[in-house]
Number of protein chains: 4
Amino acid sequence: MAERVADRRAELLDAAVRVFAEKGFHATRVGDIATEAGVAHGLLYHYFRSKEEVLETVFRDTWSALVAETRRIEASDVPLREQLRLFARIYLGSWLQTPDLVRVLVREVARGPGVGSRVAEIGELFDSLRRIIEAGQARGEVRPGLDPTIAAWALYGAHEEILTGWVLGQLPGDAAEVDRAVTTVVELAYAGLAA
Amino acid sequence: MAERVADRRAELLDAAVRVFAEKGFHATRVGDIATEAGVAHGLLYHYFRSKEEVLETVFRDTWSALVAETRRIEASDVPLREQLRLFARIYLGSWLQTPDLVRVLVREVARGPGVGSRVAEIGELFDSLRRIIEAGQARGEVRPGLDPTIAAWALYGAHEEILTGWVLGQLPGDAAEVDRAVTTVVELAYAGLAA
Amino acid sequence: MAERVADRRAELLDAAVRVFAEKGFHATRVGDIATEAGVAHGLLYHYFRSKEEVLETVFRDTWSALVAETRRIEASDVPLREQLRLFARIYLGSWLQTPDLVRVLVREVARGPGVGSRVAEIGELFDSLRRIIEAGQARGEVRPGLDPTIAAWALYGAHEEILTGWVLGQLPGDAAEVDRAVTTVVELAYAGLAA
Amino acid sequence: MAERVADRRAELLDAAVRVFAEKGFHATRVGDIATEAGVAHGLLYHYFRSKEEVLETVFRDTWSALVAETRRIEASDVPLREQLRLFARIYLGSWLQTPDLVRVLVREVARGPGVGSRVAEIGELFDSLRRIIEAGQARGEVRPGLDPTIAAWALYGAHEEILTGWVLGQLPGDAAEVDRAVTTVVELAYAGLAA
DNA sequence: AATGAATGAGTTTTCATTCAT
DNA sequence: TATGAATGAAAACTCATTCAT
C-alpha cells in the first residue's frame with residue numbers, strides 16, 4: 001500500500017519534471033502533468049497541495065542530494081584539484097543522467113514565487129563550497145587573500161552557466177563535450193584558486 | 001512631440017522595470033505598470049504590443065548596451081587583466097547603478113519563458129568574451145589548451161552568479177563589497193586563464 | 001448486527017448535525033462528517049445516498065417528532081393557553097436540549113435549497129397549529145374573525161424567530177432566558193388570539 | 001459617465017436579484033447574472049469584488065431602507081396600533097412591490113457565510129421595534145410586564161413567517177390576501193401587546 | 001494621446017461520488 | 001462493513017487585450 005502510494009507520487013513527480021522541462025513551469029497546466037502521468041488531474045491534489053508544491057518537491061529532492069554529495073566531497077581527504085573535479089563531474093555530469101531535471105532546475109529554481117523558501121537550501125551548497133575553499137587556504141593550496149564566499153559563488157556560477165549553455169542549446173552537450181567541460185572548468189577553477 | 005512620445009515610453013519602461021523587479025514578470029499586471037507610471041493601463045498598448053514586448057524591450061535595450069561595451073573592451077588595446085577588470089566593473093557595477101534592472105535581468109531574462117527569442121542576442125555577448133580569450137591566447141597571455149567557448153561561459157557565469165547572490169540577498173551588496181567582488185573575480189579569472 | 005447498523009447511521013447523523021451546525025451545510029465536506037464520526041468518508045455512502053440525503057434525514061427525523069408532539073398537544077383536552085404553553089416549551093426548550101439541531105434547522109432547513117421537497121412536511125405542522133386555533137374558535141376561546149391559517153403562520157414565526165435570535169447569538173439563550181421567552185411568547189400569543 | 005456606471009451596477013444588481021430569486025444564491029453562477037444582465041461575466045468584477053459582495057449589497061441596500069422606514073414609524077406621533085399597521089403595510093406590502101427581493105432576503109439573508117457581518121444591521125431593525133414597544137409601555141399602551149426585546153423578535157418573526165409562506169407558495173399571496181394578512185397580524189400583535 | 005469599460009479565454013482547485021480491494 | 005485512491009464535473013475569478021469615446 002505504502003509502496004503504491006510512493007509509486008504514484010513518484011510517477012507524478014517524474015511526469016512533472018518531463019512537462020516542466022518541455023514547457024516551463026508557468027506554461028504547464030496541472031492537467032498536462034496528470035495526462036503525462038496517465039491519471040486524472042484531481043489525483044495530483046491527493047499527493048501535493050498545489051502545482052507549486054510539485055516544483056518545490058522536485059527542487060528539494062534534487063538539491064538535497066546535491067548538497068549531500070558536495071558535503072561528501074568536502075569531507076573527503078583528497079587534494080583541492082580532485083575535489084573540484086569530483087564536483088564538476090557530479091554537477092555537469094547530471095546533464096547526461098537527468099537532462100530534464102537540469103532543464104527544470106536551471107530555468108525555474110531561481111525564479112517565481114517561493115524562491116524565498118528555497119534560498120536557505122541553496123545557501124547550504126554555497127556554504128559547502130566556501131568551506132572547501134577555506135580548507136584549501138588552511139592547507140596552503142589556495143591563495144590566502146581570496147574571499148572564499150565570493151569565490152564560492154563564482155565557482156558555482158561557472159558551473160551553472162555551462163549547464164545553462166546546454167539547456168539553451170548554445171553549447172554542444174554530448175558526452176565528449178561534457179568531459180571537455182569538466183576538464184576546462186577544473187583547470188580554470190584550480191588555476192584561479194591555487195596559491 | 002516625438003520627445004513626448006519618447007518620454008512616455010521611457011516612463012513606462014522605467015515603471016515596468018521597477019514593478020518587474022518587485023513582483024516578477026508573471027505576478028505583474030499591466031495595470032500595475034500603468035499605475036506605477038501614473039497612466040491608464042490602456043495607454044501601454046499605444047507604445048507596446050503586449051506585456052511581453054515590454055520585457056523584451058527592457059532586455060534588448062540593456063543587453064545591446066552591454067554588448068556594445070563589451071565589444072569596446074574587446075577592441076581596446078589593453079592587457080587581458082585590464083580587459084577583465086573593465087568587464088567586471090561594468091557588469092558587477094551595474095548593481096550599484098541600476099539594481100532594479102539587474103533584478104529583472106537576473107530573474108527573468110536569462111532563464112524565463114521566451115529565452116528562445118533572446119538567445120541570439122545573448123550569444124553576441126558570449127562571442128565577444130570568447131574572442132577576448134582567443135585574442136589572449138594569440139598574444140600568449142592565455143593558456144593555449146583552454147577551450148575558449150567553455151571558458152567564456154564559465155567566465156560569464158562567475159559574474160552572473162555574484163549578481164544573483166546580491167539579488168537574492170545572500171551576498172552583501174554595498175559599494176565596498178562590489179569593489180571586493182570585482183577584485184576577487186578578476187583575480188580568479190586572470191589566474192584561471194593565464195598562461 | 002441491525003443494531004450495529006443503526007448505531008453507525010446514528011453516529012453519522014449526530015456527527016453531521018454537529019458539523020452542519022458549526023460550518024453550515026454547504027461549507028461542510030463529506031470528509032468532515034466522516035472525520036467527526038471517526039470513519040472513512042466512503043462509508044457514508046453505505047448509509048446515505050448523498051450529502052443532501054443526510055440533511056434530509058436529519059430534517060425528517062426531527063420534524064416528524066415535532067409534528068407528532070404538536071398533534072398530541074392538538075389532541076389533548078386542555079385549554080388553549082395550556083396548549084400554547086406546551087408548544088412553546090417543546091419548541092423553544094429544544095434550544096437547551098439539542099442546540100446543534102436547532103442551529104441546523106433554523107439555518108438550513110426552513111429556507112435553504114431543497115425546501116421544495118420539505119414543504120409538504122412543514123405544512124403538517126402548520127396544519128396542526130391551524131386546527132388548534134380553529135378548535136379554540138369553536139370553543140369560543142379564540143376571536144372568531146381571526147384568519148386561522150395566517151394566525152398559525154404568525155404564531156410559528158414568533159417562535160422560530162426567537163430560536164433564530166439564540167442561534168445568531170443576538171438573544172441571551174440560557175435556561176432562565178428560555179423560561180422567560182416561553183412565558184413572553186405564551187402571553188403574547190394567548191392575548192393576541194383570545195376572544 | 002458616473003450615470004453610466006451607476007446604471008450598469010444597478011442593472012447587475014437587478015439581474016442578480018432576479019436570478020437569486022429563481023435559483024437561490026448558491027445555485028446561481030456568476031455567468032447567470034451576467035447573462036441576465038446582458039454583459040460578459042468579467043464585468044461583474046468591475047463593480048463587485050465577488051458574487052458574495054453582490055448579495056451583501058442587495059441586502060444592505062434593502063435592509064437600510066427598511067430600517068429607515070421603521071425608524072420613521074418609531075419617530076411618528078401615532079398610537080401603537082397605527083405604528084403596527086404601518087410596519088405591517090411596509091413589510092408585508094413589499095411582497096407586492098418587489099417579490100423577487102423578498103424571495104432573496106427571506107431565503108438567503110440568515111444563511112451562508114457573511115451572516116456574521118449582517119447581524120449588526122439586522123439588530124438595528126430589532127432595536128427599533130423594541131423601542132416602539134418600550135415607548136408603548138411608557139405611554140401605558142403596552143402591558144408593563146412584557147419583555148420588550150423578546151416581544152420585538154416575536155413580532156418580527158410573525159411578519160417574516162408570513163412572507164415565508166408566500167415565498168414557499170404555501171399561503172396565497174395576492175393583493176387581497178396581503179391586506180387580510182396585514183389586518184390579521186396587526187390585530188394579533190396589538191391584542192397580544194396591549195395593556 | 002488617453003481613458004477605462006467591456007470582453008472572454010484560460011486555469012487552478014475543490015469535493016461529491018464511485019469503486020476496487 | 002470499511003477504506004481511501006481515483007475520478008472529473010463544476011465554477012469563481014483573473015487579467016491581457018480591445019475599442020468606443
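Not measured: the values here are computed from a predicted model. Here is the naming used below: chain letters follow the sequence lines, and residue numbers restart at 1 for every chain. Every heavy atom of this structure was used, including side-chain atoms; hydrogens, water molecules and symmetry mates were not.
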Just do the side-chain contact (heavy atoms from CB on, under 4.5 Å) check on Lys51(C) and Phe25(C) with the steps written out, would you?
-> CA-CA 9 Å; Lys51(C) 191 177 90 163; Phe25(C) 175 75; 3.5 Å; yes
Checking dA6(F), dG4(F), dA6(E) against the side chain of Ala40(C) (C-beta onward), the nearest is dG4(F)
CZ (Arg49(B)) and OG1 (Thr57(B)) are apart, to the nearest 0.5 Å, by 9.5 Å
Separation of dA2(F) atom P from Arg9(C) atom CZ, nearest Å, is 14 Å
Here the distance between atom C1' of dC15(E) and atom NE2 of His26(C), to the nearest Å, is 12 Å
Separation of dT3(F) atom P from Leu12(C) atom CG, nearest Å, is 10 Å
Of dA6(E), dA6(F), dA16(E), the nucleotide closest to the side chain of Tyr47(D) is dA6(E)
Looking only at dA2(E), dT12(E), dT17(E), the nucleotide nearest the Arg8(B) side chain is dA2(E)
In whole angstroms, the gap separating C1' of dC15(F) from CZ of Phe25(B) amounts to 12 Å
Rounded to whole Å, NE2 of His46(C) lies from C1' of dT18(E) at a distance of 11 Å
Among dA6(F), dA2(F), dA12(F), the one nearest any side-chain atom of Leu43(A) is dA6(F)
Tyr45(B) OH to dA16(F) P, in whole Å, measures 6 Å
- Query: Hey, does the side-chain of His41(D) have a donor or acceptor N/O within less than 3.5 Å of a partner on the base of dA9(E)?
  - Reply: yes
Among the nucleotides dT17(E), dC13(F), dT14(E), whichever has the atom closest to the side chain of Lys51(C) is dT17(E)
Comparing Gly42(C) with Leu44(B), nearest DNA chain E nucleotide closer to 5' gives the residue Leu44(B)
When rounded to whole Å, the CD to C1' distance for the pair Glu53(D) and dC13(F) reads 14 Å
Closest of dA10(F), dA16(F), dT17(E) to the Val30(C) side chain is dT17(E)
If pairing means Watson-Crick or G-U wobble with both distances under 3.5 Å, then the partner of dC19(E) is dG4(F)
*Flag the pair Glu56(A) / Arg118(A) as yes when at least one side-chain heavy-atom distance between them is below 4.5 Å, and no otherwise.*
yes
Scanning all shown strands, the Watson-Crick or wobble mate of dT14(F) with both distances under 3.5 Å is dA9(E)
Arg29(B) has its side chain closest, among dA9(E), dT17(E), dA16(F), to dA16(F)
In Watson-Crick or G-U wobble terms, with both distances under 3.5 Å, the base opposite dA1(E) is none
pair_partner(dA9(F)), Watson-Crick or wobble, both distances < 3.5 Å, evaluates to dT14(E)
One should read off an interatomic distance between Thr98(A) OG1 and Leu105(A) CG, to the nearest 0.5 angstrom, of 8.0 Å
The answer to which of Thr28(C) and Val39(B) contacts DNA chain E further toward the 5' end, by nearest nucleotide, is Val39(B)
Arg49(D) CZ to dT14(F) P, in whole Å, measures 10 Å
